[in-house]
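By convention in this document, chain letters (A, B, ...) are assigned in the order of the sequence lines, proteins followed by strands, and residues within each chain are numbered from 1. Computed from heavy atoms alone, side chains included, the values below leave out hydrogens, waters and symmetry copies.
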Amino acid sequence: MRFGPSKRLAAAFKPRFSLTSDAGLRHRHHPILSRLPTSPSLPHILQAHARLLVVGLAAHRSSLAHLLALCAALSAPAPPRYFRLLYAAIARPNVFASNNLLRCLARSDCDAARDALPFYAHMRRAGIPTNNYTFPFLLQACSRDRVSGEGTQVHSHAVKCGLEEDLYVRNAFISFYSSCGELNHARRVFDEFPGQRDLVSWNAMLAGYARAGRTDVAQELFDRMPDRDPISWSTMIMGYVESGALEKGLGLFRELVGKGLTVNEATLVTVLSASAQLGLLEVGQFIHSTIRSMDFPFTVALGTALVDMYAKCGCIELSRHTFEEMKQRDVFTWNAMICGLAAHGLGKEALELFQRFLGEEGLRPTGVTFVGVLNACSRAGLVAEGRRCFELMVEEYGIEAETEHYGCMVDLLGRAGLVREAYELIRGMSMAADPVLWGILLGACKVHGLVDLGVSIGNKLIELEPEHDGHYVLLAGVYARANRWEDVVKVRRSMAAHRGTSKVAGWSLIEAHGTVHKFVAGDKGHKDSVEIYRTLEVVTMRLTEEAGYSPDVSAVLHDIGDEEKVHAIKEHSERLAIAFGLMVVERGRPIRIVKNLRACGDCHEFTKMVTKVFEREIVVRDGSRFHHFKEGKCSCFDYW
DNA sequence: ATAGGGTTAG
């Protein structure tokens, strides 16, 4: 496997100033600027600036412009207040200084980048000339802000300046139009002078189609390209992954690795994220082993992606191991680990890690950290601790509580039976409460048998989102708890009547020996279908005899006969996946299942019994958390 | 001094 230096490394080895460069020559003998290191940091620049002030050279145009250029080249964006001050200090700014201000603006956040276009207008009014450097910087700033409207005007300026055939300028326009979604404009520039085209032009065009979700056109270009480099591959792979074609992205990654071509960090992180999203452990492990066999540097981003992948694939121990192995971590790493522990129901461990995090030098928790922390409190039933953390977030860290945080708190209070308090919390919010919050509260009403409150919330939710199946299911559950079966039937009927397009089909998937097997309820499409159903039959029989299993049909009460109801539960996708898992996963290894929806109560009981009767471990990832089933118990303690 | 891909937490 070949493995070349990254672009950043290459940039570090490139001499900052060639001997033919004006700027370089001018400062070779400068008493202060010539003493700066080749890639100075912001403090270096500030220090040099201070010395210029002290010796009275701070009004010197080329010195200041040089400092501005250094700011523009910093690896982290320079503070806007500082580079604006530098530019303002230049008496008669020239193209060089102005271009570098544009570059600084382009590299800042959106607010500052918005000033790039007005500044360009100012340049033209003030008679400052523009050159081939001006447009790339200007367009970069404009695409950060997604203002495509003025693009065509700027384009005609560039043509007037005689720069329409300049490769850098052309590529800047291709990528500008691409990032604004103006694919036809981009394509016109791309097609205009086929002689003035290089790998960068192809990659920019490719990225345009990929970002727009036109992976078909992107693939066609990718196949037609005269050359491909690691960026072409990562653009294509990311295009697939982002448009949801995760398997295609992973397939292309396999091809890339199979051909022994150079892989870059962005690609690895993207495919790790794809396998994490899908919960495909075998794929994730394949990527991990690829990373190891290439001796790829173990960067913070890669480590974080691995921590996240293992956690999302159900291997919380491997996730922790990776986390502890990392020599450097950033907020993302800590967040991934804290949220991972919480998702696995390891509330105490997550809180301990949070304490350790607070002791870290130079890192501050973010809103996401608190999503993990509050989730952890909720899972561990630590009500007082949860309240304290919520307060800490708002008071101490000045983080505004978002819907997610309220969601955690409602869940925490509701789970502990403090439904009234949870209700008040939602009512007291300054923003409009997301229906999701009422849904969480409704779940608590169901569990604690609060029929009146549950009915009123349920009806309100159905009114708000009549096409949302989950609300009907929960409300029916509330009625079922109170044995109000007629109402259960009514709700079910009205659900059937409102069944809209937003209904999500439940599925479960399981990986076995390099293949992904996906099941839906009543699925007969699998090649081993007959054997799977036979196995399921046997499993159900043994559970009935040895563990006293009897299906609880209340969750699926329809307007149908009892026998059919039992049938409907019996073929829920996760049971098919479990039966298949029992067939193919060797003893001693856990059966890992990924679902898109939450488990129904009966399937949850069923799974618990399977682990006891068959002495197997089953790990289920549902829509929001993990269930570790072992010896007849589940890590969620039956509240999910 | 210039153009292309950029990930990770809910």
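Across all strands shown, A:A207 has heavy atoms under 4.0 Å from sugar-phosphate atoms exclusively, and none from any base. Note on A:S175: only backbone sugar-phosphate atoms sit closer than 4.0 angstrom, heavy atoms only; bases stay farther off. A:A336 comes within 4.0 angstrom of the backbone, heavy atoms only, and of no base. A:D166 comes within 4.0 angstrom of no nucleic acid atom, judged by non-hydrogen atoms across all strands. Within the 4.0 angstrom heavy-atom criterion, only backbone atoms of the sugar-phosphate kind lie near A:D308; the bases stay farther away. Across all strands, A:T267 comes closer than 4.0 Å to no nucleic acid atom at all (heavy-atom distances).
A:Q285 and A:S289 are not linked by any side-chain donor-acceptor pair at a separation below 3.5 angstrom, with hydrogens and angles left out of the test. Side chains of A:T369 and A:T366: a donor-acceptor N/O pair is present below 3.5 angstrom, by distance only.
For A:E255, the side-chain contact (heavy atoms from CB on, under 4.5 Å) partners are A:W233, A:L252, A:K259, not counting sequence neighbours. Every residue two or more places apart in sequence or in another chain that forms a ring pair (Phe, Tyr, Trp, His ring centres under 6.0 Å) with A:Y406 is listed here: A:F390. Take A:E404 and apply the side-chain contact (heavy atoms from CB on, under 4.5 Å) test, not counting sequence neighbours, and it matches A:V371, A:E402. When the side chain to side chain donor-acceptor pair (under 3.5 Å) test is applied to A:R92, no partner is found at least two apart in sequence or on another chain. Applying the side-chain contact (heavy atoms from CB on, under 4.5 Å) criterion to A:A245, with sequence neighbours excluded, gives A:Y240, A:S243, A:K248.
Distances from the side chain of A:S234 to the nucleotides B:dG5, B:dG6, B:dA3 place B:dG5 closest. Picking from B:dG10, B:dA3, B:dA1 the nucleotide with the shortest atom distance to the side chain of A:R103 gives B:dA1. Taking every side-chain heavy atom of A:E404 into account, B:dG10 is the closest of B:dT2, B:dA9, B:dG10. Here the nucleotide nearest the side chain of A:L167, chosen from B:dG10, B:dG6, B:dA3, is B:dA3. Taking only side-chain atoms of A:Y168, from C-beta outward, the nucleotide of B:dA9, B:dT2, B:dG6 with the closest atom is B:dT2. Closest approach to the A:P136 side chain among B:dG4, B:dG6, B:dA3 is made by B:dA3 (side chain taken as heavy atoms from C-beta onward). Comparing B:dG5, B:dT8, B:dG10 by their nearest atom to the side chain of A:T304 picks out B:dT8. For A:N264, whose side chain is taken as the heavy atoms from C-beta onward, the closest listed nucleotide among B:dG5, B:dA1, B:dA9 is B:dG5. For A:T235, the listed nucleotide lying nearest its side chain is B:dG5; candidates were B:dG5, B:dG10, B:dT8.
The stretch residues 298-314 of chain A participates, sequence neighbours left out, in these salt bridge (charged side-chain N to carboxylate O under 4.0 Å, His left out) pairs: A:D308-A:K312.
Contacts between residues 314-327 of chain A and DNA chain B, defined by a heavy-atom separation below 4.0 Å, involve no residue at all. In the region residues 185-201 of chain A, proximity to DNA chain B at under 4.0 angstrom, judged on heavy atoms, holds for A:D198, A:L199, A:V200.
Whole-Å rounding puts the A:I174 CD1 to B:dG5 P distance at 12 Å. Rounded to an integer number of Å, the gap from A:F173 CZ to B:dG4 P is 13 Å. The interatomic distance linking A:L68 (CG) with B:dT2 (P) rounds to 13 Å, in whole Å. The nearest whole Å value for the distance from the CD atom in A:Q277 to the C1' atom in B:dA9 is 13 Å. Rounded to an integer number of Å, the gap from CZ of A:R107 to C1' of B:dA3 is 15 Å. Taking atom CG of residue A:L252 and atom C1' of nucleotide B:dG5, one finds them 14 Å apart after rounding to whole Å. Going from atom CD of A:E242 over to atom P of B:dT7 covers 7 Å, rounded to whole Å. Straight-line distance from the CE atom of A:M205 to the P atom of B:dA3: 19 Å, rounded to whole Å.
Taking only side-chain nitrogens and oxygens, A:S273 comes nearer than 4.0 Å to OP1 or OP2 of B:dT8. The shortest distance between the side-chain N/O atoms of A:R170 and the OP1/OP2 oxygens of B:dA3 is not below 4.0 Å. Proximity of A:Q140 to the phosphate of B:dT2: no side-chain N or O atom is located under 4.0 Å from OP1 or OP2. Taking only side-chain nitrogens and oxygens, A:T270 never comes nearer than 4.0 Å to OP1 or OP2 of B:dT7. Phosphate contact (OP1/OP2 of B:dG5, side-chain N/O of A:R211, threshold under 4.0 Å): present. A sub-4.0 Å separation between OP1 or OP2 of B:dA9 and a side-chain N or O of A:K312 is present.
Ring planes of A:F119 and A:Y87: perpendicular class, angle over 60° (limits at 30 and 60°). The aromatic rings of A:F370 and A:F354 stand perpendicular to each other, their planes meeting at an angle above 60°, with 30° marking the opposite boundary.
Below the 3.5 angstrom threshold, one finds a donor paired with an acceptor across the side chain of A:N99 and the base of B:dA1.
The environment of A:R228 atom CZ is dense: over 12 non-hydrogen atoms of other residues, nucleotides or ligands sit within 6.0 angstrom.
A stacked arrangement is assigned to A:Y133 and the six-membered base ring of B:dA1, with a centre-to-centre distance below 5.5 Å and an interplanar angle below 30°.
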Quiz: residues 197-206 of chain A side-chain donor-acceptor pairs under 3.5 angstrom, not counting sequence neighbours:
{"unit_1": "A:R197", "atom_1": "NE", "unit_2": "A:F190", "atom_2": "O", "d": "3.2"}
{"unit_1": "A:R197", "atom_1": "NH2", "unit_2": "A:F190", "atom_2": "O", "d": "3.1"}
{"unit_1": "A:D198", "atom_1": "OD1", "unit_2": "A:N171", "atom_2": "ND2", "d": "3.2"}
{"unit_1": "A:D198", "atom_1": "OD1", "unit_2": "A:V200", "atom_2": "N", "d": "3.1"}
{"unit_1": "A:D198", "atom_1": "OD1", "unit_2": "A:S201", "atom_2": "N", "d": "3.1"}
{"unit_1": "A:D198", "atom_1": "OD1", "unit_2": "A:S201", "atom_2": "OG", "d": "3.0"}
{"unit_1": "A:S201", "atom_1": "OG", "unit_2": "A:N171", "atom_2": "OD1", "d": "2.7"}
{"unit_1": "A:S201", "atom_1": "OG", "unit_2": "A:D198", "atom_2": "N", "d": "2.9"}
{"unit_1": "A:S201", "atom_1": "OG", "unit_2": "A:D198", "atom_2": "O", "d": "3.2"}
{"unit_1": "A:N203", "atom_1": "OD1", "unit_2": "A:S232", "atom_2": "OG", "d": "2.8"}
{"unit_1": "A:N203", "atom_1": "ND2", "unit_2": "A:D229", "atom_2": "OD1", "d": "3.3"}

